[in-house]
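The structure appears right after this line, and notes come after that.
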Number of protein chains: 2
Amino acid sequence: MRILVVDDDAQIIRAMRINMRARGYDVDTAFDGASALQAAAKHPPDVVLLDLGLPDMEGGEVIEGLRAWTSVPIIVLSARHSASEKVRSLDAGADDYVTKPFGMDELMARIRAAQRRSMHVEEAPVVTTAAFTVDLGAKRVTRGDEEVRLTPTEWHILEVLARNAGRLISQRQLLHEVWGPNYQSETNYLRVYMAQLRRKLEPDPAHPLYLITEAGMGYRFEKG
Amino acid sequence: MRILVVDDDAQIIRAMRINMRARGYDVDTAFDGASALQAAAKHPPDVVLLDLGLPDMEGGEVIEGLRAWTSVPIIVLSARHSASEKVRSLDAGADDYVTKPFGMDELMARIRAAQRRSMHVEEAPVVTTAAFTVDLGAKRVTRGDEEVRLTPTEWHILEVLARNAGRLISQRQLLHEVWGPNYQSETNYLRVYMAQLRRKLEPDPAHPLYLITEAGMGYRFEKG
DNA sequence: GTTGATCTTGTAGCCATCGTGAAGGAAAGC
DNA sequence: GCTTTCCTTCACGATGGCTACAAGATCAAC
């Protein structure tokens with residue numbers, strides 16, 4: 001479960017991070033609206049905790065920016081008790097509005113409630129090519145009618161490439177994302193796994209149409 | 001839009017009725033838990049406003065009584081500010097918790113937010129396969145003509161998987177949902193319970209058709 | 001044509017994960 | 001208080017994914 005904490009106060013961010021971690025959430029953080037939207041796009045969170053009063057954007061703008069493409073639960077945290085502010089945030093698309101100061105237990109309960117509701121609504125981005133289909137929500141790959149079984153590492157690589165379809169992903173980027181920060185030079189792992197993916201997905205693995213190697217630079221997922 | 005107001009104070013009921021009417025809602029009312037459950041069953045509302053401190057039942061009981069068969073948004077109204085009370089209500093299945101006194105504008109905004117969320121929750125209350133049927137509303141599983149008895153934990157796991165039929169659910173997700181946030185690494189629980197579920201549901205438990213393991217990734221409920 | 005870099009493919013051992021049966025102990029129901 | 005059900009925990013064997021290395025293939029540059 002990934003949670004995105006947006007607040008311009010570094011202390012609060014730190015406190016939140018520790019608390020959430022201890023309760024088993026993965027935590028992303030952002031200091032302002034722009035980076036919040038960016039972070040959410042890069043790693044779609046399961047819950048967003050949004051502080052009002054960010055330096056660069058109105059709270060309502062951030063909510064709308066998220067709601068434009070995702071229905072992730074948004075819980076607004078704010079020191080302002082004014083009713084009009086609450087109404088504005090909730091009507092903009094927030095799911096809940098908690099006034100500071102608040103108890104961590106209550107916040108966690110509200111997060112659980114928000115999550116429980118959104119459990120069943122998740123959207124399913126799907127990337128399709130002429131040869132196969134990658135369902136990122138269901139974590140499933142089908143080729144024609146048959147399901148293709150991928151190992152965790154294979155899936156992880158394919159997921160990163162498919163989410164960035166058309167873009168070039170450097171080898172370092174891939175290694176960092178899949179194997180972690182300590183594997184930035186093991187480029188032959190990539191060669192091994194790209195070969196396996198091609199064998200499972202490409203019509204002619206020797207002449208790939210979709211999983212393209214850019215020699216010396218990285219790999220690219222080509223849709224058509 | 002039908003709204004059910006549950007409160008033991010006749011004055012509040014009257015005030016609510018007038019306010020809600022003015023905003024275009026149909027209003028049902030109930031003075032205690034028993035009649036609230038009855039009223040909800042008779043005319044399923046789109047939102048429930050539930051006062052705590054009813055004469056006949058604990059708030060949590062009312063929430064559970066509703067949640068047993070409906071996912072209608074429940075907003076708790078209470079004079080108690082205690083965090084533990086909030087946590088209990090929210091974890092019992094309430095969607096929001098508003099402390100008295102509250103502004104009518106805020107309440108209306110929260111009602112709108114709760115409604116908006118429940119809008120796109122289109123439930124498929126029954127999931128059917130060739131071998132068995134899972135009735136998510138009635139919490140029953142039948143295999144052929146016979147009912148299959150599941151333990152609470154077994155049911156909880158099956159419920160999560162069935163609600164997300166076709167999707168892959170990671171071990172962490174399942175553990176978090178069923179055992180809570182502190183059990184994210186006890187993957188052997190899952191193995192034990194998946195084996196039990198397969199024994200009870202699969203035609204050939206050694207070669208499952210419906211409760212599929214995706215090694216290293218998670219589990220998937222396959223309908224066909 | 002040769003050389004060297006880069007990529008593909010194959011192979012083998014180690015180890016993580018999975019399925020399963022069984023048993024101790026807690027909780028619930030009578 | 002007793003019985004039954006359910007949850008937790010452990011041990012074992014088996015499967016198969018990951019790592020690592022090496023040999024063959026391709027390509028570009030000279």
What is the distance, to the nearest angstrom, from the [atom1] atom on [X] to the [atom2] atom on [N]?
{"X": "A/H207", "N": "D/dC27", "atom1": "NE2", "atom2": "P", "result": "8 Å"}
{"X": "A/E186", "N": "D/dC18", "atom1": "CD", "atom2": "P", "result": "16 Å"}
{"X": "A/I212", "N": "C/dC7", "atom1": "CD1", "atom2": "P", "result": "14 Å"}
{"X": "A/R198", "N": "D/dT26", "atom1": "CZ", "atom2": "C1'", "result": "13 Å"}
{"X": "A/E154", "N": "D/dG16", "atom1": "CD", "atom2": "C1'", "result": "12 Å"}
{"X": "B/I157", "N": "D/dC6", "atom1": "CD1", "atom2": "C1'", "result": "13 Å"}
{"X": "B/Q196", "N": "C/dC18", "atom1": "CD", "atom2": "P", "result": "17 Å"}
{"X": "B/L150", "N": "D/dT5", "atom1": "CG", "atom2": "C1'", "result": "14 Å"}

Give the nucleotide from the list [options] with an atom nearest to the side chain of [X].
{"X": "B/T153", "options": "D/dT19, C/dT17, D/dC7", "result": "D/dC7"}
{"X": "A/V192", "options": "D/dG17, C/dT9, C/dC18", "result": "C/dT9"}
{"X": "B/Y193", "options": "C/dG21, D/dT8, D/dC18", "result": "D/dT8"}
{"X": "A/T151", "options": "D/dG17, D/dC6, C/dG10", "result": "D/dG17"}

Report yes if at least one side-chain N or O of [X] is closer than 4.0 Å to OP1 or OP2 of [N]; otherwise report no.
{"X": "A/T213", "N": "C/dT8", "result": "yes"}
{"X": "B/Y219", "N": "C/dG19", "result": "yes"}
{"X": "B/W179", "N": "D/dC7", "result": "no"}
{"X": "A/R199", "N": "C/dT8", "result": "no"}
{"X": "B/R149", "N": "D/dC6", "result": "yes"}
{"X": "A/R191", "N": "C/dT8", "result": "no"}

**DNA chain D-proximal residues of residues 159-176 of chain A, any heavy atom under 4.0 Å** =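 Contacting residues: none.
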
**Message:** I'd like to check the side-chain contact (heavy atoms from CB on, under 4.5 Å) partners of B/H81; sequence neighbours left out, ordered by chain and number.
**Reply:**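 Expected list: B/T99.
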
**Request:** Evaluate the side-chain proximity of A/K200 to A/F132: yes if any heavy-atom separation is below 4.5 Å, no if none is.
**Result:** no

**Asked** Is there a donor-acceptor contact under 3.5 Å from the side chain of B/D56 to the main chain of B/G33?
**Response** yes

**Residue A/Q38 excluded, over 12 heavy atoms near CD under 6.0 Å** =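 Open.
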
Is the closest basic N to carboxylate O distance between [X] and [Y] below 4.0 Å?
{"X": "B/R220", "Y": "A/D135", "answer": "no"}
{"X": "B/E214", "Y": "A/R140", "answer": "no"}
{"X": "B/R110", "Y": "A/D96", "answer": "yes"}

**Message:** Assess, by modelled atom type and distance only, whether the side chains of A/T213 and A/R198 contain a donor and an acceptor separated by less than 3.5 Å.
**Reply:**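 Looking only at side-chain atoms, A/R198 and A/T213 do form a donor-acceptor pair, the distance falling under 3.5 Å.
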
